[in-house]
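Notes follow once the structure below has been shown.
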Amino acid sequence: MAHEDPGKEPSWKADFPIESKRATHVSRREFAKFLGLLSGAFAVSNGFIVLRAMAFPPEKLEGEQFVANVEDVPVGEMFQFEVGEEKIIPYILIHLEEDQWRAFAQKCTHLTCAVRYSKEEKKIECPCHNGWFSADTGAVLQGPPPRPLPQLEVVVRDGKVYVKEGES
Amino acid sequence: MSNFRRSQNEAHPNKTNTILTGIILLQILFISMQIWFLFGALNNALEENFGFALTTFIGSLLMAIASIWLLRYIPEPLQKRPTKKPEVSPSRDP
Ligand code: FES
């Protein structure tokens, strides 16, 4: 630039005769139009959720699934197992008391950390953000999880533990 | 030559301003609700809550239609845009 005479218009300016102020200026009119577009985009993405829910309905566990032998899981212990063929979902089996069994999904409903049964507290704990669930019903007792843990029904027959989809 | 519209605009120069602000505020309101809906739907559709997803979708769609339809009411600019192009003299240095 030094060799050019300062009063003269550079040739690139003559080629693109648009002031940068005009090129970068967003009027409120344009802003309103953009908001309309954004609004449409939100509606579309909400529609995708609906489509996804229709295309992939949640898998239901069919029949009963064998989990463990009764003697393998002492009272107060938990046992990990998995259900589902295509989408494998980890579950935990909890031996609450004598003849008291529970099965819950292991993924925390907050941000899908693995929950574990705390023997001392007799509650289900999510270590990630200190979330607590009732070991009896799976309901949220404390912390950020928004929903109770999904639950399966437990059937004990002939010293073997099975799970099946609950009625609700 | 003056017509009714122009004399109105001259008598109330703030009107366009107010209308535009109102439209933008309404759109922001709609979009905030849509964000809220989307958040809820994402959270709920993970579970078997299909009704919630559908309801929020319908609501979100209505709000999108409303905020696009509102664009019809954006007032025209009072003054024409500066037609004066930046002066360029192509002949100066070809
Ligand atoms: S992931 Fe379980 S509390 Fe956050």
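First the proteins, then the strands, lettered A, B, ... as listed; each starts at 1. The structure displayed is predicted, hence computed values, not measured ones.
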One pair to check against side chain to side chain contact (heavy atoms under 4.5 Å, CB included): Ile74(B) and Arg28(A). What are the steps and the verdict?
CA-CA 10 Å; Ile74(B) 292 184; Arg28(A) 286 186 299 170; over 6 Å; no
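Linking ILVMFWY residues whenever their side-chain heavy atoms come closer than 4.5 Å, directly or via other members, places Val154(A) and Val83(A) in the same cluster. Grouping the Ile, Leu, Val, Met, Phe, Trp and Tyr side chains by contacts below 4.5 angstrom, directly or via other members, places Tyr117(A) with Phe133(A). Under the 4.5 Å side-chain heavy-atom criterion for grouping Ile, Leu, Val, Met, Phe, Trp and Tyr, Val140(A) is connected to Ile124(A) within one hydrophobic cluster. Under the 4.5 Å side-chain contact rule for hydrophobic residues, Tyr162(A) and Leu93(A) do not share a cluster. Cluster annotation: Phe81(A) and Leu96(A) are assigned to distinct hydrophobic clusters (Ile/Leu/Val/Met/Phe/Trp/Tyr, side-chain heavy-atom contacts under 4.5 Å, transitive).
For Val50(A) against Ala53(B), the heavy-atom pair with the smallest separation is CG2-O, 3.4 Å. When every heavy atom of Gly36(A) is checked against every heavy atom of Ile68(B), the shortest pair comes out as O-CG1, 3.7 Å.
The candidate with the highest count of non-hydrogen atom pairs below 4.5 Å against chain A, out of Ile28(B), Ile35(B), Leu70(B), Ile65(B), is Ile35(B). Taking chain A as the reference chain and counting heavy-atom pairs below 4.5 Å, the highest number among Leu61(B), Ile23(B), Thr56(B), Leu54(B) is found for Thr56(B). Put simply, of Ser67(B), Gly59(B), Ala64(B), the one with the most heavy-atom pairs under 4.5 Å next to chain A is Ala64(B).
Looking only at side-chain heavy atoms (C-beta outward), Ile31(B) and Phe42(A) come within less than 4.5 Å of each other.
For Leu71(B), the part lying near chain A is the side chain, with the backbone staying farther off; criterion is any non-hydrogen pair under 4.5 Å.
Taken to the nearest 0.5 Å, the CG atom of Leu35(A) stands 11.5 Å off from the CG atom of Leu29(B). For the atom pair Phe31(A) CZ and Leu20(B) CG, the distance stands at 10.5 Å (nearest 0.5 Å). Remark: Phe57(B) CZ to Leu51(A) CG distance equals 7.5 Å, nearest 0.5 Å.
No donor-acceptor contact under 3.5 angstrom links the side chains of Gln27(B) and Ser39(A), judged on distance only.
Few gaps surround CZ on Phe66(A); more than 12 heavy atoms of other groups in view lie less than 6.0 Å from it.
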